[in-house]
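Have a look at the structure below before the remarks.
Start at 1 with the first residue, then count along the sequence.
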Amino acid sequence: MTTSTGAAAPAVAASGPLEVTRRRRKRKSGRFLLRRLGFYLVAAWSAITLNFVIPRLMPGDPSAAIIDQLERVSGQSLPPATLVSIQGLFGNPDDNLFEQYIAYLGQLARFDLGVSIVNFPVPVADLVATGLPWTLLLVGTTTIVAFLLGTALGVAAGWRAGTRFDAIVTPLTTFLSSVPYFWVALLALWAFGFLLGWFPLAGGYDPNLPISFDPAFIASVLQYGALPAATIVFSAFGGWMLGMRNMTVTTVGEDYVLLAQAKGLSPARVRWRYAARNAMLPQFTGFAMALGGVVGGALLTEIVFSYPGIGYLLFSALQKRDYPVMQGVFLLVTFTVLIANLIADSVYVWLDPRVREEG
């Protein structure tokens, strides 16, 4: 009995404080995430409210102007459901402002973003749903590839600062980062699309093929997306590389890195587990912002290559003053940025112990 009691007591004593510390950290992390979630909910509500207020600050009756424009485009009177939808988004002069606001929130809750003027009577939500996968496929994928490539090169250059590798790669990426993206895109389109004919000049897929998941269509999508994807990675990875290189240089001389080396840990573990992990914190913040800006940042790429994504949809809406589409894309971009930042805050809690302690 003495033996069993004596064996159990140290285990309880050892696990007790550790368990208390874990619970305290979880509570702090939970409080931190709840505060951030509250902030983003307020930011989302502000964006929705701005989207409601701005059209009502326009002179005259915006809903009447849009209804007139839609009837001219279609050559017929609009159905009652469409009239109600437009008046909910842009204001019904027969309702007071609070009633309009409630109706507007109700429409957004049903994912009703109105009807496109140019593509009447196609709903804006359908246009956004059509363009969004193309943007996520092209810009989302290339942003992740550029981040991973630039971060890996940055760690390698920063870890061996002053070596021949650093002396060659760092100035080269600095030069590449200074070249405006539209020049890179236009030169690539001229050289590889027009002169050599290796890639199509415009579009996201072969228009002669039906949209499906068969191998021919997938190969067409890859062929049409290869050149715009290469230009995005080419222009973006240098910025990630330089940022990570400079942060790695600052962390290499930190005490915890020197202590890890003195303990005899493997160079790869010290480099990635100790130096790169801490140097990556500001890098990760930039990555979250870049992911949030994927939808809006696709504008230039999709214009140059006539790629059928959200950026090209917004460009067409701006040219033709398709206000419902512009309003829908604005909301989409806003919510994308907010969600990306919320995810970044959640990962930050895991990456940085100081965030958990500040909980």
To the nearest 0.5 Å, tell me how far Gln223 CD sits from Ile218 CD1. 14.0 Å

Do the side-chain N and O atoms of Tyr101 and Thr49 include a donor-acceptor pair separated by under 3.5 angstrom? yes

Would you say Leu50 ends up clustered with Val42 if hydrophobic residues are merged whenever their side chains have heavy atoms under 4.5 Å apart, either directly or through other cluster members? no

Heavy atoms, side chains only, cut-off 4.5 Å: are Leu176 and Phe237 in contact? yes

With a 4.5 Å limit on heavy-atom distance, are the side chains of Ile48 and Tyr104 in contact? yes

Less than 4.5 Å apart, side chain to side chain, heavy atoms only: is that true for Val179 and Phe234? no

Rounded to the nearest 0.5 Å, what separation is found between the OG atom of Ser266 and the CH2 atom of Trp272? 12.5 Å

Nearest heavy-atom neighbours spanning Ser306 and Ala202: CB-CB, 3.8 Å

Exactly one candidate in Leu127, Val325, Leu108 meets side-chain contact (heavy atoms from CB on, under 4.5 Å) with Leu113; the answer is Leu108

Rounding to 0.5 Å, atoms CZ (Phe315) and CG (Leu318) come to a distance of 8.0 Å

Output the distance between atom CZ (Phe335) and atom CG (Leu331), rounded to the nearest 0.5 Å. 6.0 Å

Less than 4.5 Å apart, any side-chain heavy atom of Ile211 and any of Phe217? yes

Straight-line distance of Tyr256 OH to Gln261 CD, nearest 0.5 Å: 11.5 Å

Going by ring pair (Phe, Tyr, Trp, His ring centres under 6.0 Å), Trp134 matches just one of Tyr205, Tyr312, Tyr224. Which one? Tyr205

So CG of Leu201 and CZ of Phe192: to nearest 0.5 Å the spacing works out to 13.5 Å

For Thr135 versus Gly311, what's the shortest heavy-atom pair and its separation? OG1-N, 4.2 Å

How about Thr173 and Arg245: do any of their side-chain heavy atoms sit closer than 4.5 Å? no

Are Leu332 and Phe111 linked, directly or through intermediate hydrophobic residues, by side-chain heavy-atom contacts shorter than 4.5 Å (ILVMFWY only)? no

Side chain proximity check, Leu186 to Tyr181, heavy atoms < 4.5 angstrom: no

Do the non-hydrogen side-chain atoms of Leu138 and Ile232 ever get within less than 4.5 Å of each other? yes

Any Asp166 side-chain heavy atom under 4.5 Å of Thr163 side chain: yes

ILVMFWY cluster, Leu342 and Trp45 together (side-chain gap under 4.5 Å): no

Shared ILVMFWY cluster between Val221 and Val304, side chains joined below 4.5 angstrom? yes

